[in-house]
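To start, the structure under review is shown below, and the notes come after it.
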Amino acid sequence: MAEKITPKEQNYSQWYVDIVLKAKLADYAPVKGCMVIRPRGFAIWEMMKSALDNMFKETGHQNAYFPLLIPDSFLKKEAEHVKGFSPELAVVTHGGGEKLEEPLAIRPTSETIIWSMYKKWIQSYRDLPLLINQWANIVRWEKRTRLFLRTTEFLWQEGHTAHASEAEAEEETLRMLMVYKKFAEEFMALPVLTGMKSESEKFAGAVQTYTIEAMMQDKRALQTGTSHNLGQNFARAFDVTYQTQDGNLDYVWATSWGVSTRLIGALIMAHSDNRGLVLPPNLAPTEVLIIPIFQNRNKAEVIGYTRRLYEQLRQEFRTEIDDGDQNSPGWKFSEAELRGIPVRIEAGPRELNKNQAVLVRRDTGEKLNVPADELKAKIKELIRDIQNTLFHRALTFRKENTHQASDYSSFKEILESRAGFIECGWCGSPECEAKIKEETKATIRVLPLGRNGGDDKSCIYCGAKAKELAVFAKAY
RNA sequence: CGGGCUGUGGCGCAGUGGUUAGCGCGCUCGGUUCGGGACCGAGAGGCCGGGAGUUCAAAUCUCCCCAGCCCGACCA
């Protein structure tokens, strides 16, 4: 009724915006390009944050916090870095009513301020590795913004590590890439491709950027996380050297890696439907919602019954009960679906009499009658199954929409008629990559891990022997 | 930065020169309801994005400005 969501078949962007606004995940802020993350959206972020934070700590990282304001000159110290970020900087020029001697940039990423500190903290190989993560907000003055996917200010996590060798840095870069992949697949139920970015797509200041790349329901690609091997670029820019075990002096090797509130956008676009949000149970702030169905004459008994279920279930699941009499059951069902709650329990006089409950799963809409004493076990099973189903549904979708192309005309034909991911050979030249982008809007999303060498393919554009196997797609 | 669209109660909209600006949803109060977004009754809430102009008269016409969204180029 009042909360109609535009069907995604009709207008995918509008569908996405409708879900974000109507499920009350976020709202537009007074400042252009900024959004308010509302409690329901923030709860998802907190779920993500705690899962990731555990994984970071398990891999030996510690949290710290660095300042929001960075001296403008710091950002200019690494040549590629400044080129990449200066167009989107927000800069503070006044403080306390006076013009500042040196403008202060609001961090677009923290490599520079962190490496200025690492210079003080690292002298010896004994100080390494230094493994630090921070949870922070970032400002990037983007021309075009979109709720969660690209906002002027966003929340993220950025890991910044320092190592004694190139090999160790590379190992760390890949370790964190795999942490991201595991998180995407096991928590978000989102299958991702892992691999390298091409030269033109990599992070400003990195030697190598690795990415996890996912397919959304409109078949476009979304970069969901990146892990960078920074080589010695920042150590040189900030003059961070250490004494090696054999007494020599060397620059420190670095990595950085991050994921942001964009993940929430990915989550929405990967699983949701025309009824609203669909959340994987592992990230659902509420896993189970109980909706009592009562009439005036049996209200007390039904509510009593469902409250007993609630007390039982809340010990094991993130459970909520909606027993207000302001809204009809139908309204509550729709609301539960809009919010993406994985398992809904309906219980009225019928269930009360039979000591049962109706379980409804959000992903398929399937309804099950379950005896009260089997409820916990059944929900546990359902939750596992929903998590699984969402993952496999997304995986199947990606597979069905991943195509092979061996010549440029079929490449273009696939993009126009079917869209999705295209696997093909690439000679490695930025010129071919740029031409393809110009002519088709498709970019290299990823050079998949373990597939380097391009097998025995030839470049999709110029026909020369392929150096790489590349996955092309239109991206967000 | 280019193109398009839109600014009118909290939200979505109608109103293309003429008393007192409407409708739906939401909100408040009372009552009846409640197995897929219930219903009845009574209310509250708006200097129509801002400025200037045209006119006897402007939400409505003209000009300027501002803001937002969508689509492109750039980006997590």
Side-chain angles (χ1 to χ4, degrees), chain A residues 1-6 11-14 16-18 20-22 24 27-35 83-89 108-109 137-158 180 197 200-204 209 211-214 221-228 256-266 275-276 291-299 302-303 322-338 344-352 357-358 360 365 367 369 437-438 441 443 474-476:
Chain A
M1 280 181 77
E3 300 295 329
K4 264 281 181 281
I5 294 171
T6 306
N11 183 342
Y12 191 83
S13 309
Q14 193 54 49
Y16 173 77
V17 171
D18 282 355
V20 172
L21 297 179
K22 290 179 176 160
K24 298 184 181 165
D27 203 353
Y28 293 107
V31 176
K32 176 179 163 63
C34 293
M35 68 172 177
K83 226 194 292 171
F85 283 105
S86 59
E88 51 192 51
L89 275 190
T109 179
N137 58 338
I138 291 292
V139 168
R140 294 183 187 174
W141 219 264
E142 303 284 358
K143 303 273 188 234
R144 184 147 138 60
T145 56
R146 246 156 139 353
L147 292 166
F148 286 115
L149 297 177
R150 185 173 298 101
T151 45
T152 301
E153 179 186 4
F154 57 94
L155 304 184
W156 80 347
Q157 145 286 309
E158 49 181 328
Y180 287 156
K197 284 292 186 186
S200 71
E201 295 270 336
K202 76 178 196 194
F203 176 74
T209 288
T211 179
I212 55 171
E213 208 75 21
L222 182 72
Q223 177 176 309
T224 37
T226 45
S227 184
H228 315 291
S256 70
W257 27 273
V259 294
S260 71
T261 35
R262 165 178 272 196
L263 292 179
I264 298 174
R275 289 171 174 262
I291 300 176
I293 296 157
F294 51 81
Q295 287 80 43
N296 271 338
R297 60 196 137 80
N298 53 31
K299 182 172 171 181
V302 171
I303 287 185
D322 186 356
D323 59 8
D325 54 9
Q326 301 305 308
N327 298 117
S328 68
W331 192 91
K332 292 175 182 175
F333 297 160
S334 301
E335 188 68 10
E337 282 161 1
L338 180 61
R344 179 171 89 227
I345 298 182
E346 307 174 2
R350 293 206 293 263
E351 286 71 29
L352 171 59
V358 178
V360 188
K367 294 192 178 190
N369 285 299
K437 182 175 180 183
E438 194 185 314
K441 295 196 173 116
T443 51
K474 289 184 187 169
Y476 275 96

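To find a chain, count down the sequence lines: A is the first, B the second, and so on, and within it residues start at 1.
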TODO: I would like to know whether A/Y16 and A/L149 meet side chain to side chain contact (heavy atoms under 4.5 Å, CB included); could you show each step before the answer?
DONE: CA-CA 11 Å; A/Y16 173 77; A/L149 297 177; 3.6 Å; yes

Task: Atom-to-atom span, CD of A/E153 to C1' of B/A76 - whole angstrom - done: 14 Å

Open item on the list: Taking the minimum atom-to-atom distance to the side chain of A/E335, which one of B/C71, B/A76, B/G37 wins?
Closed with: B/G37

Task: Any N/O donor-acceptor pair, A/R344 side-chain to B/G36 base, under 3.5 Å - done: yes

- [ ] Please state how far atom CD1 in A/I5 lies from atom C1' in B/G37, giving the value in whole angstrom units.
- [x] 12 Å

TODO: Name the residue closer to the 5' end of RNA chain B, choosing between A/R275 and A/R140 according to the nucleotide with the nearest heavy atom.
DONE: A/R275

Task: Nearest-Å distance once atom P is located in both B/C40 and B/A57 - done: 45 Å

TODO: Could you say whether A/F203 or A/K441 is positioned toward the 5' end of RNA chain B, judged by the nucleotide with the nearest heavy atom to each?
DONE: A/K441

Open item on the list: Within the 4.0 Å heavy-atom criterion, would you say A/V259 contacts the bases, only the backbone, or no part of the nucleic acid?
Closed with: nothing

Open item on the list: Between A/Q223 and A/Y476, is there a side-chain heavy-atom distance shorter than 4.5 Å?
Closed with: no

Task: Separation of the P atoms in B/G45 and B/C61, to the nearest angstrom - done: 29 Å

- [ ] Return the minimal non-hydrogen interatomic distance between A/F148 and A/G265, and the atom names on each side.
- [x] CB-N, 3.8 Å

TODO: Would you indicate, yes or no, if B/A73 has its OP1 or OP2 atom less than 4.0 angstrom from a side-chain nitrogen or oxygen of A/R144?
DONE: no

Open item on the list: Under the side-chain contact (heavy atoms from CB on, under 4.5 Å) test against A/V358, which residue among A/R344, A/R350, A/E346 passes?
Closed with: A/E346

TODO: Give the rounded distance in Å between these two atoms: CD of A/Q14 and P of B/C5.
DONE: 17 Å

Open item on the list: A/E213: which residues meet the side chain to side chain donor-acceptor pair (under 3.5 Å) condition with it, sequence neighbours left out?
Closed with: A/K197, A/T211, A/R445

Open item on the list: Taking any heavy-atom pair under 4.0 Å as a contact, classify A/I138: base, sugar-phosphate, or nothing.
Closed with: nothing

- [ ] Show your working on side chain to side chain contact (heavy atoms under 4.5 Å, CB included) between A/K332 and A/I293 and close with a plain yes or no.
- [x] CA-CA 10 Å; A/K332 292 175 182 175; A/I293 296 157; over 6 Å; no

- [ ] Write down the distance separating the C1' atoms in B/U33 and B/G41, rounded off to the nearest Å.
- [x] 15 Å

Task: side chain to side chain contact (heavy atoms under 4.5 Å, CB included) assessment of A/Y180 paired with A/T224 - done: CA-CA 9 Å; A/Y180 287 156; A/T224 37; over 6 Å; no

Open item on the list: Restricting to non-hydrogen atoms, name the atom on A/S13 and the atom on A/R146 that form the minimum distance, rounded to 0.1 Å.
Closed with: OG-NH2, 3.5 Å

Open item on the list: If you compare all heavy atoms of A/G225 against all heavy atoms of A/V259, which two are closest, and at what distance to 0.1 Å?
Closed with: CA-CG1, 3.8 Å

Task: Rounded interatomic separation in angstrom, taking CG from A/L21 and C1' from B/C69 - done: 11 Å

Task: Listed nucleotide nearest any side-chain atom of A/K32, set B/G72, B/G37, B/G68 - done: B/G68

Open item on the list: Using a heavy-atom cut-off of 4.0 Å across all strands, would you classify A/T151 as base, sugar-phosphate, or nothing?
Closed with: base

- [ ] Please report, rounded to the nearest Å, how far the C1' atom of B/C74 is from the CD atom of A/Q223.
- [x] 14 Å

TODO: Can you run through RNA chain B from 5' to 3' and write each base as (, ), [, ], | or . depending on how it pairs? Watson-Crick or G-U wobble, both distances under 3.5 Å.
DONE: ((((((((.[[[[.)..(...]]]].((((((.....)))))).....[[[[[..)....]]]]])))))))....

Open item on the list: Categorize A/E337 for me: base, sugar-phosphate, or nothing, with a 4.0 angstrom heavy-atom threshold over every strand shown.
Closed with: base

Open item on the list: Taking the C1' atom in each of B/U60 and B/G49, what is the distance between them to the nearest angstrom?
Closed with: 16 Å

Open item on the list: Can you check the distance between B/U55 and B/U62, where both ends of the measurement are the P atom (answer in whole Å)?
Closed with: 16 Å

Task: Nearest-angstrom distance, P atom, B/G53 to B/A44 - done: 37 Å

Open item on the list: Counting C-beta onward and ignoring hydrogens, is there a side-chain heavy-atom pair between A/I291 and A/I345 closer than 4.5 Å?
Closed with: no

Task: Rounded distance (Å) that lies between atom C1' of B/C71 and atom OH of A/Y12 - done: 17 Å

- [ ] Answer with base, sugar-phosphate or nothing: what part of the nucleic acid does A/S13 contact at a heavy-atom distance below 4.0 Å?
- [x] sugar-phosphate

Are there any protein N/O atoms within less than 3.5 Å of an N/O atom in nucleotides 29-35 of chain B, and if so, which ones and at what distance?
| from | atom 1 | to | atom 2 | distance (Å) |
| --- | --- | --- | --- | --- |
| B/C34 | O2' | A/F294 | O | 3.1 |
| B/C34 | N4 | A/N296 | OD1 | 3.0 |
| B/G35 | O6 | A/P349 | N | 3.2 |
| B/G35 | O6 | A/R350 | N | 2.9 |
| B/G35 | O6 | A/E351 | OE1 | 3.1 |
| B/G35 | N1 | A/E351 | OE1 | 2.5 |
| B/G35 | N1 | A/E351 | OE2 | 3.3 |
| B/G35 | N2 | A/E351 | OE2 | 3.4 |

Task: B/C48 to B/U20 separation - C1' atoms, rounded to the nearest Å - done: 15 Å

Open item on the list: Rounded to whole Å, please give me the gap between NZ in A/K143 and C1' in B/G3.
Closed with: 16 Å

Task: Length of the line joining A/K474:NZ and B/C71:P, which is rounded to integer Å - done: 14 Å

TODO: Check whether any side-chain N or O of A/E88 sits under 3.5 Å from a backbone N or O of A/F85 as a donor-acceptor pair, and report yes or no.
DONE: no

Task: Nearest listed nucleotide, side chain of A/Y28, among B/C70, B/C71, B/A76 - done: B/C70

Open item on the list: Test your reading of the model: is there a side-chain donor-acceptor pair from A/D323 to the backbone of A/P292, 3.5 Å cut-off?
Closed with: no

Open item on the list: Just N and O in the side chain of A/K22: are any of them under 4.0 Å from OP1 or OP2 of B/G12?
Closed with: no

- [ ] When you get a sec, tell me which of B/G36, B/C74, B/G37 is the closest nucleotide to the side chain of A/L338?
- [x] B/G37

Open item on the list: Taking only the P atom of each, what is the distance from B/C39 to B/G24 in whole angstrom?
Closed with: 13 Å

